[in-house]
Number of protein chains: 2
Amino acid sequence: MTRPLRADSERTVRAILDAANRVLAADPGASLQQIADEAGVARTTVHRRFANREALMEALVQDMLEQMESVIDDSRPETAPPLVALHEMSAGYIRLKSRWRVGAVTEADVHQDVVERIKAKNRAMFQRLADAGVIAADTDLEWAVRAYFALLHEAVERRAATGSEPDTLAALVTSTLVGGLREPVSPA
Amino acid sequence: MTRPLRADSERTVRAILDAANRVLAADPGASLQQIADEAGVARTTVHRRFANREALMEALVQDMLEQMESVIDDSRPETAPPLVALHEMSAGYIRLKSRWRVGAVTEADVHQDVVERIKAKNRAMFQRLADAGVIAADTDLEWAVRAYFALLHEAVERRAATGSEPDTLAALVTSTLVGGLREPVSPA
DNA sequence: CGAAGTTGCAACACCAATGTAGCGACTTTG
DNA sequence: CAAAGTCGCTACATTGGTGTTGCAACTTCG
């Protein structure tokens, strides 16, 4: 719609979004000043790029959602064996360090389009898992997706705390989700 | 330590804490005004009872932790069969509608004592589950507890959305946690 | 009943965060 | 190289939340 940003602007915007992601994850009420500091940028520059705090938030959510979507696509959920795709997807999410919960973004937002796409893709992934017999055929897909993200979220926290490898944590999540705690953790 | 509160004061304090719990669950950055409104009380009264916002927070956390602890104790984790206790505990937590995740309160706080007790009790519960062979013997207890609360949290959200019975949701959580999605949901 | 304590209300001071504006210096782009 | 655009910085206006005080009306409790 608008013409592309100049190179330096684009760097700045990226720096701000990344900083905001980090800072707001730690404290959702953090000030724009804190975000600007983390981004190595003057506070006024943040205001130049994003009219409101709200505008920044929207852009941030949009950005995170897009990153999530590309994680999904990169895991080749349509072609790879379901369990492999699930593992790839988990590792990707964990690397993202995102503390956002897609499942929680239920509210009708400006982001409906992306959210709907992501939800559909997630649902499809679990549908494939069900079809392949990896999970029970009568699994409640809505619950499956929510449980999946809940576990992923814990895995991200654990990564921050222990510094485990994304792949290890992905295996843990997958194992817990599919087989429960009854079975010992086994690699994909 | 101090002499007991007068009857009306006690009512007020309870009203404020309950209101704060509701309001802050929806928006952690809510103002004291919003909390006062929800409690049906003047804002100045909130300040009279709690010197700071911080003091209110502390009292709130303390209160929530105590409620959690009594949920645990009510589930008779030492005497009841482990799976039954787990189910009881889950239903109790869901009823509490607590959006606080104990696992997340890692920071060294004024509440260490209660937090430590709760953590120990949770750990003990899962240890019993392991000893009874309900979950794998080599289960990482820390992970088990975190996964458990993550699923509980989702169950609470689901309750808000669908209005399911606490017992149904508890069964779902227990089943998912122990048996994973591979097996169909089965009653305790 | 009466003293002690509590509440609502109005008024006020204060501060941190937000948002705006202008200017000189620097960077990108054609 | 030059025009257009961007950034850092300083200064300022505004606002919403926080915390305080005083007083009249009401509640509790001995």
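Within every chain, numbering begins at 1; the chains are lettered A, B, ... in the order of the sequence lines, protein sequences first and strands thereafter.
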When the nearest nucleotide of DNA chain D is assigned to A:V41 and to B:L5 on a heavy-atom basis, which residue is associated with the more 5' position?
-> A:V41
In this structure, how many angstroms lie between the [atom2] atom of [N] and the [atom1] atom of [X], rounded?
X	N	atom1	atom2	value
A:I35	C:dA17	CD1	P	12 Å
B:F50	C:dT7	CZ	P	11 Å
A:Q34	C:dT18	CD	C1'	14 Å
A:L32	C:dT20	CG	C1'	14 Å
B:Q33	C:dC9	CD	P	11 Å
B:H47	C:dT7	NE2	P	14 Å
B:E10	C:dG5	CD	C1'	15 Å
A:D37	C:dT18	CG	P	12 Å

Tell me whether the OP1 or OP2 atom of [N] has a side-chain N or O from [X] closer than 4.0 Å.
X	N	answer
A:S9	D:dT6	yes
A:N52	C:dT18	no
B:T45	C:dT7	no
B:R53	D:dT18	yes
B:R11	D:dT28	yes
B:R43	C:dG8	no
B:T12	C:dT7	yes

Hits for side chain to side chain contact (heavy atoms under 4.5 Å, CB included) against A:R128, two or more places apart or cross-chain, chain-then-number order -> A:P82
Among B:T174, B:V173, B:V178, B:L172, the one residue meeting side chain to side chain contact (heavy atoms under 4.5 Å, CB included) with B:T176 = B:L172
Is there a donor on the side chain of A:R6 or the base of C:dT27 sitting less than 3.5 Å from an acceptor on the other?
-> yes
Quick one: does B:R48 reach the base of D:dG19 with a side-chain donor-acceptor pair under 3.5 Å?
-> no
Closest listed nucleotide, where the reference is the side chain of B:D8 and the choices are C:dG19, D:dT6, D:dT28 | D:dT28
Among D:dT10, D:dG19, C:dT18, which nucleotide sits nearest the side chain of A:T44?
-> D:dT10
Please find the pair of heavy atoms, one from [X] and one from [Y], that lie closest to each other, and give the distance.
X	Y	answer
B:M57	B:P28	CE-O, 4.5 Å
A:L83	A:L129	N-CD2, 4.1 Å
A:A91	A:D167	CB-OD1, 3.9 Å
A:V134	B:R182	O-CG, 3.7 Å

Base, sugar-phosphate alone, or nothing: which one does A:G40 contact when heavy atoms must sit under 4.0 Å apart?
-> sugar-phosphate
